[in-house]
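Letters A, B, ... mirror the listed sequences (proteins, then strands); counts begin at 1.
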Amino acid sequence: MLSQAVSILEVLAGKMAMGAEVVVQGWVRTRRDSKAGISFLAVTDGSCFHPLQIIAPNTLPNYESTVLHLTAGCAVRVTGTLSASPAKGQAVEVQATDIELIGDVENPETYPISPKHHTVEYLREYAHLRSRTNLIGAVTRVRASLSYAIHRFFHEHGFYWLPTPIITTSDCEGAGQMFRVTTLDLAHLPKTPEGQIDYAQDYFGKESFLTVSGQLNAESYAMGLSKVYTFGPTFRAENSNTSRHLSEFWMIEPEMAFADLNQIAELAENLLKFIFKVVLQERPDDMTFFEKQVDAKCIERLDHFIHEPFVHLDYTEAVEILLKAKKKFEFPVHWGADLQSEHERYLAEEYVGRPVVVKNYPKEIKAFYMRMNDDGKTVAAMDVLAPGMGEIIGGSQREERLAALEKRIVELGLDLKSYEWYLDLRRYGSVPHAGFGVGFERLMGYITGVANIRDLIPFPRTPKNARF
RNA sequence: UCCCCGAUAGCUCAGCCGGUAGAGCAAGUGGCUGUUAACCACUGGGUCGUUGGUUCGAGUCCGACUCGGGGAGCCA
């Protein structure tokens with residue numbers, strides 16, 4: 001019985017002949033009754049954006065007992081005949097010969113997902129049921145399509161996927177606050193004779209954390225496989241409460257040997273253009289929904305992006321632009337200061353109107369591993385700033401010269417000993433190399449126009465919230 | 001963590017100068033119709049986030065707390 005069923009996607013895509021018998025399974029969205037002796041059911045199974053219209057005639061043996069009591073959320077299996085729809089709104093429909101109630105809705109009055117509009121805030125409270133909504137269904141399908149496109153892009157460009165570890169004992173990744181991983185009994189912590197917590201007794205024999213970046217590991221493998229990328233979950237423990245921040249999110253980090261900053265800027269541009277094209281091709285139904293209900297500009301924005309070259313600015317130029325801007329900024333702009341959100345927004349949203357690459361930042365505001373430029377003042381870093389989402393990509397050419405890297409580590413007061421394995425990469429066959437990190441959910445936000453990153457991942461983890 | 005805003009029916013919201021609560025949708029019943037978030041009528045549904053205070057009287061005013069949102073910082 002189950003094996004006969006087809007997805008609604010297959011039915012609506014025209015893969016079945018008119019008059020064919022079909023079996024579909026899904027959840028009822030709406031029911032409308034007609035005294036002409038039929039009921040209309042909109043049934044969705046999530047395989048595509050559009051629901052399938054089912055015609056349920058009152059001659060069905062369970063019409064009175066079951067069909068007339070179907071409400072939003074009921075799970076049904078429908079057997080029927082595929083036919084052309086005489087009314088507007090859908091090309092095909094199914095004339096049901098059997099409707100089986102698989103899962104009832106216990107109390108229709110309290111079923112949280114009504115066919116009416118719900119706010120995204122409300123849906124977050126029902127993250128376990130929100131996958132049945134148009135919005136979250138569309139987000140999830142686009143997300144899957146995007147993930148696959150990313151793997152495909154790298155695969156086709158000779159990059160090897162590298163699953164870097166999620167648990168790390170390296171507390172020097174420097175990219176953010178870390179979540180501790182421990183098996184110690186927090187109520188009875190072992191102490192050293194000096195009174196410190198004795199991590200030698202912890203599971204890994206030293207302090208361990210969830211990764212904030214796979215970059216350092218990726219650099220290691222780029223020194224052997226030339227082109228690698230990570231794509232996996234990443235954890236940041238900042239007490240950050242904004243529409244752009246998740247405690248657990250996904251990041252893509254390509255790392256390329258024998259490459260400089262401009263080459264990875266080009267790689268970033270090609271990557272974005274490729275994946276945007278794929279999403280537009282593979283998910284026109286969902287993107288049309290976003291355009292109608294979420295962000296009228298989302299498709300136009302991607303189209304425009306695909307056909308325009310990246311705008312590159314040097315940090316120094318960006319500062320000059322900001323100084324000349326007529327807009328009043330809360331925080332003054334001067335060379336050497338990090339760009340504030342309002343500055344990034346001005347550059348991406350007003351000055352350029354789409355993502356912009358800012359390169360060569362002052363060394364003081366960037367990480368130790370970024371390659372020192374010849375001016376001795378700036379490092380070969382780049383950020384891609386997207387309107388509405390802020391920094392979606394951050395990358396750099398890495399310092400491949402042993403002496404220069406050691407100097408930076410010491411200058412910043414970091415412990416050379418902790419970086420021994422990382423320094424080894426500079427001792428044995430070091431080459432110029434570069435890479436960047438893409439915030440996957442931020443990218444989703446740019447594509448779909450969905451404003452809050454918490455609606456772009458299935459079960460968002462944020463400060464004070466790890467439900468479900 | 002900081003600043004601002006909010007919390008009233010299952011959902012989205014209204015509720016004016018303090019006088020014990022209202023709409024639309026959803027649900028139930030009936031009517032009508034190859035319908036498209038259908039439509040029409042009726043019905044049920046609320047200790048107004050929690051807690052303390054002011055007051056004869058608090059959804060309304062004040063304090064604290066909890067949760068949510070926007071922004072900042074942090075970050076991708």
Among all residues two or more places apart in sequence or in another chain, which pass the side chain to side chain contact (heavy atoms under 4.5 Å, CB included) test with [X]?
| X | value |
| --- | --- |
| A:Tyr351 | A:Ile321, A:Tyr346 |
| A:Phe468 | A:Ala127, A:His128, A:Phe459 |
| A:Ile365 | A:Tyr315, A:Asp338, A:Tyr361, A:Pro362 |
| A:Ala87 | A:Ser85, A:Gln90 |

Considering only the P atoms, how many Å lie between B:rC48 and B:rG52, rounded to the nearest integer? 13 Å
B/S/- along nucleotides 32-37 of chain B (protein heavy atoms under 4.0 Å) is BBBBBB
Can you give one letter per nucleotide of nucleotides 65-74 of chain B, 5' to 3': B if a protein heavy atom sits under 4.0 Å from the base, S if only from the sugar-phosphate, - if neither? ---SSSBBBB
RNA chain B base-pair string [pairs: Watson-Crick or G-U under 3.5 Å; |: paired with another strand]: (((((((..((((.....[..)))).(((((.......))))).....(((((..]....))))))))))))....
Might you list the N or O atoms of the protein lying below 3.5 Å from N or O atoms in nucleotides 41-44 of chain B, with each pair's distance?
from	atom 1	to	atom 2	distance (Å)
B:rG44	N2	A:Glu109	OE2	2.6

Pairs flagged by ring pair (Phe, Tyr, Trp, His ring centres under 6.0 Å) wherever residues 61-114 of chain A is involved - sequence neighbours left out: none
Not counting sequence neighbours, which residues clear side chain to side chain donor-acceptor pair (under 3.5 Å) with [X]? List them please.
| X | answer |
| --- | --- |
| A:Glu399 | A:Arg401 |
| A:Arg301 | A:Asp295 |
| A:Gln263 | none |

